[in-house]
Amino acid sequence: MKDAAPQKIYLSDYQVPNYLVEDVHLTFRLAPESTRVLSRITFRPNPEASSKDFFLHGEDLKLISTKIDGAAVTPDLVVGGLACAVPDATFVWEAEVEISPATNTALEGLYMSNGMYCTQCEAEGFRKITYYPDRPDVMSVFTVRIESDLPVLLSNGNPVASGEGFAEWHDPWPKPAYLFALVGGELINHPDTFTTKSGKEVELNIYVRPGDEGKCAFGMEALKKSMIWDEEVYGREYDLDIFNIVAVDDFNMGAMENKGLNIFNSSCVLASAETSTDMNFERIEAIIAHEYFHNWTGNRITCRDWFQLCLKEGLTVYRDAQFTADMRSEPVKRIEDVIALRARQFREDNGPLAHPVRPDSFVEINNFYTATVYEKGAELIGMLKTLVGDAAYYKALDLYFDRHDGDAATIEDWLTVFEESTGRDLTQFKRWYEQAGTPRLAVEESYEDGTFTLTFSQSTPPTPGQDQKDPRVIPIAVGLLNPNGDEVVPTTVLEMTEATQSFRFEGLTARPTPSILRGFSAPVILERASSNAERAFLLAHDTDPFNKWEAGRALARAGLVKMILNGAAPDGAYLDAVLQVLRDDSLDPAFRALALGLPSQDDLAQTLVDQGHTPDPQAIYEALETLKMAMATHMQDVLPRIYAQYQVTEPYQPDAEQSGARSLANAALSLISRVDSGTAAQAQYDSADNMTQQLAALAALLTAGKGEQAVAAFYEQWKEDRLVIDKWFGLQISLADPANAAEVAAALTQHPDFTMKNPNRFRATLGALAMSPAGFHRADGAGYKLLADWLIQLDPLNPQTTARMCSAFETWKRYDCDRQALIAAQLDRILAQEALSRDTQEMVSRIRNA
Ligand code: BES
Ligand code: ZN
């Protein structure tokens, strides 16, 4: 057990930096186990600081020498860095340190991946490269020299010189150290160019490992689309001569927005029709946009401290969602995002890891790159836009960029811009940033003499460290339908500010059916008594695509709960209602595919908890299987017609139209395979010429219990392609019978291609198990034990990825005493490890103390 609890950092303790950095010169002499980093940094005392103490962050560095103004000095090496006596005036600090990229398995700082050098500095990784004030409010201009025989040597900004064995880069834009990046390797370039709207030529490059050069074209198109979009929608142009993207195989996250040198997990940039699914293409387009958009929201305007993370991440997620909605389908994107928000953020907000969008304390900042900061943070931007209106939103954004360009800003700065620009008081809105927990919104309705009244009450359950919550402002988008299904009141945004508040609609001729929270206008849980008849009516008639989908989902959920609790048969009304949607060729196929989807096992488990029951993971799984079988039989006549009708005959394109058609056809295939013993799936598998079709067919075969041959053939076909093999690992586990999912996962960890050093492979294997509730929560605890075994093994190598995966246990209090005891034992076993990382220690203890 750890001796002392690691130190907590508080937002309220913020102090300005004692010294500011004028400029930084770095020289890297690259060598796998002995890279030398020479720094020359001009420091200036900060006139606003109250202390003159000089402290530089530094971790895992071997200090060779230090000088101040050319004279050798001997600093005090302390935990987490060094302290030194310095002049009370501007001075030049020089240091030489040695680091070992080849043995850096944490993938933070400078490390090696397949012979290539690369960096990851956000949030606090720069301190593993050299001694520096590693905090985002210290911004400086960087000049970098890289010495190595490798052919490609990259850093931030513009290239200034290169020759035999070296390259020099200069970034004219002051930036915090977390945006520093360096890459060195034998890489192939996929080049292009872009002309900004003011006529500036920008060189674009995507650098990849030899062999991957055929997988760059889609990412490059996505980058150019992102650049145009940010010019057209936000009026923001790119600001350097060159924009580089590098693909790296070993990467903890999806991608990183380093100034002028974005570094991507190869799974988030490499794409080809043969190896990537439609979903992969959509994700790659979004993440390229996201990292590119950070150039303004994150880099030009950065965060004062890490408590302000949502300032850049929430806003940039919001912007990338707008982009995807514009490139593809707005309703489909919204439905996908709400599914993800509920699955990840609501789950987090409802458990031991709940925290505000802007947290006020943390132990390890890497543990706060969460669904709450990102996804709820993005929802707050969307609500603000709904409240002030589109025109006022873009006007406020212009003021934000004008006023804060070059700043390290706060949420207060952001909200002040909106207050000044719109004249609105946002005091109450700010609670959304400060209070954790998902508000519950209860609704009561009455109708009298042509007046329909909606009365809303809001309340938020306690979360760790926050018992009392004040009412928040909630934009509630509402429309009313009359009994024949026509819309009598179009979407109207009600602005709720009180704990309980009524809104009246007058002049109606009949009692209407309300469609509430259209477009999911606020991240709340709507608690409204509804009947299946009303849900079916809204599914058939609602003009708001989100609520139309939502009605179908509520109908499915209600039926499933009865099946789970009472062993009821599948609900015929639900089956009829989805059949109607499936048949309706006027509806977007992508929407219909979403409407055929069912609530997840995790969603149903939470629904049962909310209704006062203890969920049985196996019973939930079985109810879903029974319902899918009932859907397959009920729709037996229509499914083959849909399957045939939505086959794409044109050459593969990953666009919204084709992928919508494929998702509907494949949703049909998945059901058909339950009644045709896999015949159609085998035919599709044998003829597939793209990964979307091949993987859907493989999944359908596995579901039909006919996957054995295809699994072997798939491996033979793709064993040289690591990203495809990740899919192969994951699918076998997520589609395994829950009774032996843990054994399937355990066996795959013994496969020669399994390695825990690659986060993608680790997540494809252990993550797939953790995300298959019935398999993971098997009553004998085999799933818990397997995951804990591997988390214990991974922690010393890669704390970040280990800590993130601990959230698999965050819902443990939902389950029965036996399961809780089994999980508690595993959590305790993890906590008992010698030298557990701060990351994992924080996550597991927060979960354990629930
Ligand atoms: N800045 C982050 C990457 C990051 C996260 C670095 C945590 C260090 C620690 C980047 O902009 C990001 O948010 N990436 C996301 C994907 C995005 C589309 C939401 C990711 O990596 O998952
Ligand atoms: Zn981001």
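We count ligands from 1, going down the list as the structure has it; atoms in each ligand are counted the same way. Position 1 is the first residue of the sequence, and the numbers go up from there.
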Parallel, tilted or perpendicular: ring planes of F776 versus F809, cut at 30 and 60 degrees: tilted

Geometric class of the Y400/W414 ring pair [parallel <30°, tilted 30-60°, perpendicular >60°]: perpendicular

E291 near the Zn ion (ligand 2): N/O/S under 2.8 Å: no

Of all residues at least two apart in sequence or in a different chain, which pass the side chain to side chain contact (heavy atoms under 4.5 Å, CB included) check with [X]?
| X | value |
| --- | --- |
| D60 | K128 |
| R300 | W173, D239, K259, W296, D405 |
| T386 | P475, V493 |

Closest approach to the Zn ion (ligand 2) by E313, given as the N, O or S atom name: OE1

The Zn ion (ligand 2) - closest N/O/S atom in H290: NE2

CE/M279: more than 12 non-hydrogen atoms of other groups inside 6.0 Å: no

Donor-acceptor contact present, side-chain D407 to main-chain A409, <3.5 Å: no

Under 4.0 Å from ligand 1 - residues by heavy atom, chain and number: Q120, E122, M253, G254, A255, M256, E257, I287, H290, E291, H294, K312, E313, Y369, Y374

